[in-house]
*Asks:* 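Have a look at this one.
Reminder, nothing fancy here: chain letters follow the sequence lines and each chain counts from 1. Note: hydrogens, waters and symmetry copies are ignored here, and every other heavy atom, side chains too, is used.
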Number of protein chains: 2
Amino acid sequence: MADDDTLSVTFAALSDPTRRAILARLRQGEATVGELAAPHAMSLPAISRHLKVLERAGLVSKGREAQWRPCRLDAAPLREVDEWLRGYRAFYENRIDRLAAQLADEEES
Amino acid sequence: MADDDTLSVTFAALSDPTRRAILARLRQGEATVGELAAPHAMSLPAISRHLKVLERAGLVSKGREAQWRPCRLDAAPLREVDEWLRGYRAFYENRIDRLAAQLADEEES
DNA sequence: CGGTTAATTGATGATTTGGTTAAGTACAGC
DNA sequence: GCTGTACTTAACCAAATCATCAATTAACCG
């Protein structure tokens, strides 16, 4: 990861497929740590730590209900990712259109 | 990083501010390794490695022109990020609108 | 109280990351 | 061919990451 700026922490949190799977699961609603761990061939402590990474990135928040820690998605940091991405959108959108336009230009000359 | 799926590699590459700065610089057009290194208080080898990370992620490609390696932005992987993000857009967009709606509901009841 | 369940924390270890300096490669030009 | 410029690779080191199992905390329940 290296730095602690929001974007770096967010991207780092998203760079692990297990963590992205957890986020995907949380779109369907709250889930306990155990429920989140179930689909993964991984120990519970490992999932607990992945959740801590997501929490530190502000992507997940945990409640306390008896001995359960219901987790829920907190997507706000993704908006920053979206805004960052916006600065690059022109470079990857309509790629085919722009390629076609370029080819047309070449043909004209 | 951990895994080698495209999205993981891309997010990992983006999780470093130096690398994001390099991408930002490349939006303005091609640049040599030395030119990319100049703004950073960091040795040239360090930048060279950052570039290799970006290359492996498919975000940058290098040419060869005499002893220079002109680098250019290759934004295609960012489209995948955009697509991934799309699945979460509903959770972070119109946050204020949805909050207002929720408050209105509460007031009604 | 004692036992079970849910989850976190500690200790450990392998691997990766991100930086350094020093040496090596490749090309340009005198 | 020699020298300087551009960049990469090698060797090394410190710190972070990601997993493990074992121990701990905390709450419920009979």
*Asks:* Just wondering, do A:Asp82 and A:Arg89 contact through their side chains at under 4.5 Å, heavy atoms?
*Replies:*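 A:Arg89 reaches A:Asp82 side chain to side chain.
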
*Asks:* Which listed nucleotide (D:dA19, C:dT9, D:dT9) is nearest to the side chain of A:Pro45?
*Replies:*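 My answer, after comparing the listed nucleotides, is C:dT9.
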
*Asks:* In whole angstrom, what separates B:Arg69's CZ from C:dT25's P?
*Replies:*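 Taking atom P of C:dT25 as the reference, CZ of B:Arg69 is at 14 Å.
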
*Asks:* Can you identify which nucleotide, out of D:dA6, C:dT9, C:dA6, has its nearest atom closest to the A:Trp68 side chain?
*Replies:*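 Within the option list, the nearest is C:dA6.
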
*Asks:* Return the value, rounded to whole Å, for the distance between atom CG of B:Leu36 and atom P of D:dA6.
*Replies:*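 Distance, rounded to whole Å: 14 Å.
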
*Asks:* Round to a whole Å and report the spacing from CD of B:Gln67 to C1' of C:dA28.
*Replies:*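 Spelled out: CD on B:Gln67 to C1' on C:dA28 is 6 Å.
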
*Asks:* Should the heavy atoms of other residues, nucleotides or ligands under 6.0 Å from CD of A:Glu65 be counted, would the total exceed 12?
*Replies:*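 Atom CD in A:Glu65 is not packed in, count stays at 12 or less.
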
*Asks:* B:Arg64 CZ to D:dT8 C1': how many Å, rounded?
*Replies:*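 Atom CZ in B:Arg64 sits about 11 Å away from atom C1' in D:dT8.
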
*Asks:* For atom CZ of A:Arg64, is the number of surrounding heavy atoms from other residues, nucleotides or ligands below 6.0 Å larger than 12?
*Replies:*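 It does not: A:Arg64 CZ has 12 such atoms or fewer within range.
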
*Asks:* Answer yes or no: is there a side-chain heavy-atom contact under 4.5 Å between B:Glu80 and B:Thr10?
*Replies:*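 Not in contact.
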
*Asks:* Side chain of B:Ser48, heavy atoms from C-beta onward: which of D:dC7, D:dC18, D:dT8 has the nearest atom to it?
*Replies:*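 For the B:Ser48 side chain, the nearest candidate turns out to be D:dT8.
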
*Asks:* Using the side-chain heavy atoms of A:Ser43, tell me which of these nucleotides is nearest: C:dC27, C:dG19, D:dT20.
*Replies:*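 In terms of side-chain proximity for A:Ser43, the closest of C:dC27, C:dG19, D:dT20 is D:dT20.
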
*Asks:* Answer yes or no: does a side-chain N or O of B:Lys62 lie under 4.0 Å from OP1 or OP2 of D:dC7?
*Replies:*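 False: B:Lys62 side-chain N/O out of range (4.0 Å or more) of D:dC7 OP1/OP2.
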
*Asks:* Taking CD from B:Glu55 and C1' from D:dT9, how many angstroms apart are they, rounded to a whole number?
*Replies:*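 These atoms are roughly 14 Å apart.
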
*Asks:* For C:dA7, take OP1 and OP2 only and decide whether either is under 4.0 Å from a side-chain N or O of A:Lys52.
*Replies:*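 No, no such contact exists.
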
*Asks:* Whole angstroms only, please: what is the CD1-C1' distance between A:Ile22 and C:dA7?
*Replies:*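 The answer, rounded to whole Å, is 14 Å.
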
*Asks:* With respect to the side chain of A:Leu44, which nucleotide from D:dT8, C:dT8, C:dA28 is positioned closest?
*Replies:*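 Within the option list, the nearest is C:dT8.
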
*Asks:* Taking only side-chain nitrogens and oxygens of A:His50, does any of them come within less than 4.0 Å of OP1 or OP2 of D:dA19?
*Replies:*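 Yes, such a contact exists.
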
*Asks:* Hey, does A:Leu78 have a side-chain heavy atom less than 4.5 Å from the side chain of B:Phe91?
*Replies:*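 Side chain of B:Phe91 against side chain of A:Leu78, heavy atoms only: no contact under 4.5 Å found.
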
*Asks:* Quick one: does B:Arg49 reach the base of D:dT9 with a side-chain donor-acceptor pair under 3.5 Å?
*Replies:*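 Result: no qualifying N/O pair found.
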
*Asks:* If you only use heavy atoms from C-beta on, which nucleotide in C:dT8, C:dT5, C:dT20 is closest to the side chain of B:Met42?
*Replies:*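 The answer is C:dT20.
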
*Asks:* Expressed as a whole number of angstroms, how long is the span from A:Glu30:CD to C:dA7:P?
*Replies:*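 About 12 Å, once rounded to whole Å.
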
*Asks:* Without decimals, in angstroms, what is the distance between B:Leu51 CG and D:dT8 P?
*Replies:*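 From B:Leu51 CG to D:dT8 P: 7 Å.
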
